Amino acid sequence: MNSLYKYILRIADDSLILGQRLSELCGHGPAIEEDIALTNIALDLIGQATSLYEYAAIVGNEGKSADDIAFLRFEREYTNALLVEQPNGDFGMTIARQWLFDSFRVLFYEALQQSKDAQLAAIAEKSLKETKYHWKHSSEWLIRLGDGTSESHERVQNGINYLHKYAEELFFMDEVDAELIEKGIALDLTTIKVAYEQKLNEVLPLSTLSLPTNNWKQTGGRIGKHTEHLGHILSELQYMQRAYPNMEW
Amino acid sequence: MVKTETDIWLLLAAIPDPEIPVLSILDLGIVRRVIKNDDEHVTVHVTPTYSGCPAVKAIEKSISEKLTAAGLIVSIVTDLSPAWTTDWITAQGREKLLAYGIAPPVDEVDKSVLFAEAPIVTCPLCKSANTRMVSQFGSTACKAHYQCNECLEPFDYFKCLK
């Protein structure tokens with residue numbers, strides 16, 4: 001499979017899996033406004049994934065539809081970062097995960113708008129507008145919980161402590177990226193690394209929270225090696241297509 | 001009967017947005033181009049409001065049905081770039097929104113600035129500017145949830161997307 005196809009899937013899988021995770025909260029949000037907010041964000045993410053899978057179906061040129069790619073791969077064929085498959089946990093954990101991800105995504109899409117691949121640039125341009133809203137939402141909650149009660153502070157801090165080790169993988173690059181960076185299609189992620197740290201540090205002091213000092217990093221998702229959580233997500237995500245092959249909405 | 005491009009635009013103007021039916025799809029500014037390939041074939045370029053907006057598929061279906069019924073063979077192309085902005089909602093569309101009880105979008109500063117000043121949204125009922133945002137995310141992807149501090153009316157705000 002060519003590099004562009006793999007590259008698109010990495011972006012698409014991040015969106016799909018996080019969108020699926022957030023949609024688990026539909027009807028279970030801590031307050032009705034938040035229930036609606038989280039599912040709105042899930043909807044944007046799944047919409048972005050749809051645009052990306054549709055493009056991957058064309059680039060892959062194997063007669064597979066966007067739905068085939070989204071629903072009918074095996075676990076090891078999904079290349080989302082480990083961060084997005086982590087369980088929702090409590091609301092502090094959900095917000096911590098979203099904030100670590102949104103902070104990255106805003107910078108990522110901003111830069112990807114310059115891609116020489118016109119379709120990727122167009123998807124980035126479209127997605128960026130939505131992602132800015134997501135980032136504002138997760139950042140505001142991070143501050144509110146961090147600078148809230150001792151209980152809310154502790155919970156969101158626990159979320160950051162648990163999840164920060166997975167954030168590094170958002171900057172994972174290999175030969176797929178190298179080939180596409182050469183062609184001006186992919187983004188050299190090292191160019192947004194400093195901006196990412198700055199973006200986190202813009203919010204952290206206001207939230208009175210801090211990043212863990214432990215420097216342990218865990219990667220694997222980008223090459224298909226997942227935590228035990230992805231399989232469980234897929235069993236739910238793929239159920240309808242496996243039980244009723246080729247069903248349509 | 002052969003349809004002119006103007007006829008086609010008129011047909012499109014009669015298609016309502018499925019979620020905010022007071023607006024036509026032209027009021028929303030999502031039909032970007034209509035190209036008559038020949039007497040029978042027409043290509044309509046549509047751009048989505050939000051990536052995941054479930055209305056997009058319904059709108060494509062309505063366009064297809066409407067123009068097919070008029071004897072045309074339709075193909076629909078999705079344009080992602082330039083990305084849709086609320087600036088493309090027509091002046092007429094804004095008036096219709098307001099009359100329907102949804103506050104139309106007002107200019108906002110960049111969302112990537114964390115504590116950017118919130119827009120002043122006017123209550124569609126009593127016209128007071130003393131309103132507050134309840135949630136950035138409302139009943140559909142394109143709306144935020146507001147409440148008027150004067151008349152206490154809860155209302156939707158069609159949020160600014162730039």
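So you know, we letter chains A, B, ... as the sequences are listed, proteins then strands, and number each from 1. What you see is a predicted model; the values in this text were computed from it and never measured. Any value given below was found using the heavy atoms of this structure, including those in side chains, with hydrogens, waters and symmetry copies removed.
- Proximity to chain B is absent for every atom of L45(A), based on heavy atoms less than 4.5 angstrom apart.
- A 6.0 Å sphere centred on CZ of R21(A) holds more than 12 heavy atoms belonging to other residues, nucleotides or ligands.
- When heavy atoms are compared at a cutoff of 4.5 Å, L43(A) approaches chain B by way of both its backbone and its side chain.
- A distance of 11.0 Å separates CD of E33(A) from CE of M133(B), quoted to the nearest 0.5 Å.
- Contact check for L161(B) versus Y133(A): side-chain heavy atoms found under the 4.5 Å cut-off.
- Ranking A83(B), P48(B), A144(B) against chain A, the residue ahead of the rest is A83(B), based on heavy-atom pairs under 4.5 Å.
- Between the side chain of N40(A) and the backbone N or O of G138(B), at least one donor-acceptor pair lies under 3.5 Å.
- Only the side chain of S51(A) comes within contact range of chain B, with heavy atoms under 4.5 Å apart.
- For T85(B), the parts sitting under 4.5 Å from any heavy atom of chain A are the backbone and the side chain alike.
- Taken to the nearest 0.5 Å, the OG atom of S135(B) stands 6.5 Å off from the NE2 atom of H137(A).
- Of all residues in residues 51-63 of chain B, those placing a non-hydrogen atom less than 4.5 angstrom from a non-hydrogen atom of chain A are S51(B), G52(B), P54(B), K57(B).
- Contacts of Q119(A) with chain B are made by side-chain atoms alone, with heavy-atom separations under 4.5 Å and no backbone atom involved.
- For I143(A), the part sitting under 4.5 Å from any heavy atom of chain B is the side chain, from C-beta outward, and nothing else.
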